[in-house]
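These notes are about the structure you will find just below.
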Protein chains: 2
Amino acid sequence: MKISEVAELTGLSVSTIRFYEEFGLCPFIQRGADGKRRFSKTDADWLELLASLRATGMSMSEMRTFADLYASGDATIPKRKAALLAHRQSLAARQAELERCRTILDRKLQKYDEIMKDQK
Amino acid sequence: MKISEVAELTGLSVSTIRFYEEFGLCPFIQRGADGKRRFSKTDADWLELLASLRATGMSMSEMRTFADLYASGDATIPKRKAALLAHRQSLAARQAELERCRTILDRKLQKYDEIMKDQK
DNA sequence: CACTTGACCTAAAGTAGCTTCAGGTCGGTA
DNA sequence: TACCGACCTGAAGCTACTTTAGGTCAAGTG
């Protein structure tokens, strides 16, 4: 798979994928004889997971910790599971926070409606 | 109201509030004779709204546009309402995206469970 | 009464997470 | 053969803050 295809698939930009690789988030990417990156299905799945973690607020350094576990093989799966469970918790908190902000926006919209009604 | 109290109230840091003022996001902050910022209830409410907008992904430049409308008085309320409605749409999209990411995490957690079960 | 502490101030530098740019190498096509 | 588009690297630029350095002032303490 080419880098542009993985970008399409994951929603990450081509630059971001290269940036992640340089940062050590995807350790196993092979190169063809032409020097270009070749992504396996596994690589693509891994990047999709990284994209979800990033989109839900995991920091680069946490992601690197997670990637280091990934690079160390299946023995680290319990640790990876624990990390994902913890992150799921923080995601729930983030979702609750977004809901809270939504009610603030909605209240503000209501106030605007009242003001506009009064002025008529 | 002191800056530290507004920080407490809004969840913004003291530095962020100063940064927002310098950037022109809160035009009406008065200073005491001692040179310190004094926040009215209205100022605090405005910063709370800014905090919600920021937390839900509005950019600084969009926030400035919004703040400029705010500074121009009640005549701009219809425009402000339109801006908030548009932003509410993008918030909904963001929430949907978080849900999507959550299912990806959950699927991954399930896979981990299967692998760990197989190994026993 | 001197002294320290703590909240505030400004201006400037540092940071995270990307994106954009400059400059170069290929393989395919008109 | 000459150009196009996708890839490459390394470095600079950008956004939204945070941290640091250095200073003022009021209040509390020995």
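Convention: sequence-line order gives letters A, B, ...; per-chain numbering from 1.
If you measure from atom CD of E22(A) to atom C1' of dA16(C), you get 15 Å, rounded to the nearest angstrom. The CD-P distance, from E21(A) to dT19(C), rounds to 16 Å in whole Å. Spacing between atom CD1 of I17(B) and atom P of dA7(C) amounts to 15 Å, rounded to whole angstrom units. Atom CZ of R64(B) and atom P of dC17(D) are 14 Å apart (whole Å). Straight-line distance from the CZ atom of F23(B) to the P atom of dC14(D): 13 Å, rounded to whole Å. In this structure, F19(A) places its CZ atom 14 Å from P of dT9(D), rounding to the nearest Å. Separating the NZ atom of K2(B) from the P atom of dC8(C) is a distance of 5 Å, rounded to the nearest angstrom. Rounded to whole angstrom, the span from the CZ atom of R31(A) across to the P atom of dC26(C) amounts to 14 Å.
Among the atoms of the strands shown, base atoms are found under 4.0 Å from some heavy atom of S15(A). Within 4.0 Å (heavy atoms only), R54(B) reaches sugar-phosphate atoms of the nucleic acid but no base atom.
Position along DNA chain D of the nearest nucleotide to T16(B) versus D34(B) favours T16(B) as the more 5'-ward residue.
Here D113(B) does not pair with K117(B) in a salt bridge; the nearest charged N to carboxylate O distance is not below 4.0 Å.
When hydrophobic clusters are built by joining Ile, Leu, Val, Met, Phe, Trp and Tyr residues whose side-chain heavy atoms come closer than 4.5 Å, directly or via intermediates, Y112(B) is not grouped with L69(A). Residues M60(A) and L53(A) share a hydrophobic cluster, clusters being chains of Ile/Leu/Val/Met/Phe/Trp/Tyr side chains in contact below 4.5 Å.
Which of dC8(C), dA16(D), dC7(D) sits closest to the side chain of R18(B) comes down to dC8(C).
One finds no side-chain N or O of R37(B) lying less than 4.0 angstrom from the OP1 or OP2 phosphate oxygen of dC8(C). The phosphate of dC18(C) has OP1 or OP2 within less than 4.0 Å of a side-chain N or O from Y20(A). Side-chain N/O atoms of S13(A) include one lying less than 4.0 angstrom from OP1 or OP2 on dT19(C). For dA16(C), neither phosphate oxygen OP1 nor OP2 lies less than 4.0 angstrom from any side-chain nitrogen or oxygen of S61(A).
No side-chain N or O of D68(B) forms a donor-acceptor pair with one of T65(B) less than 3.5 Å apart.
Between W46(B) and F39(B), the ring center distance fails the sub-6.0 Å criterion.
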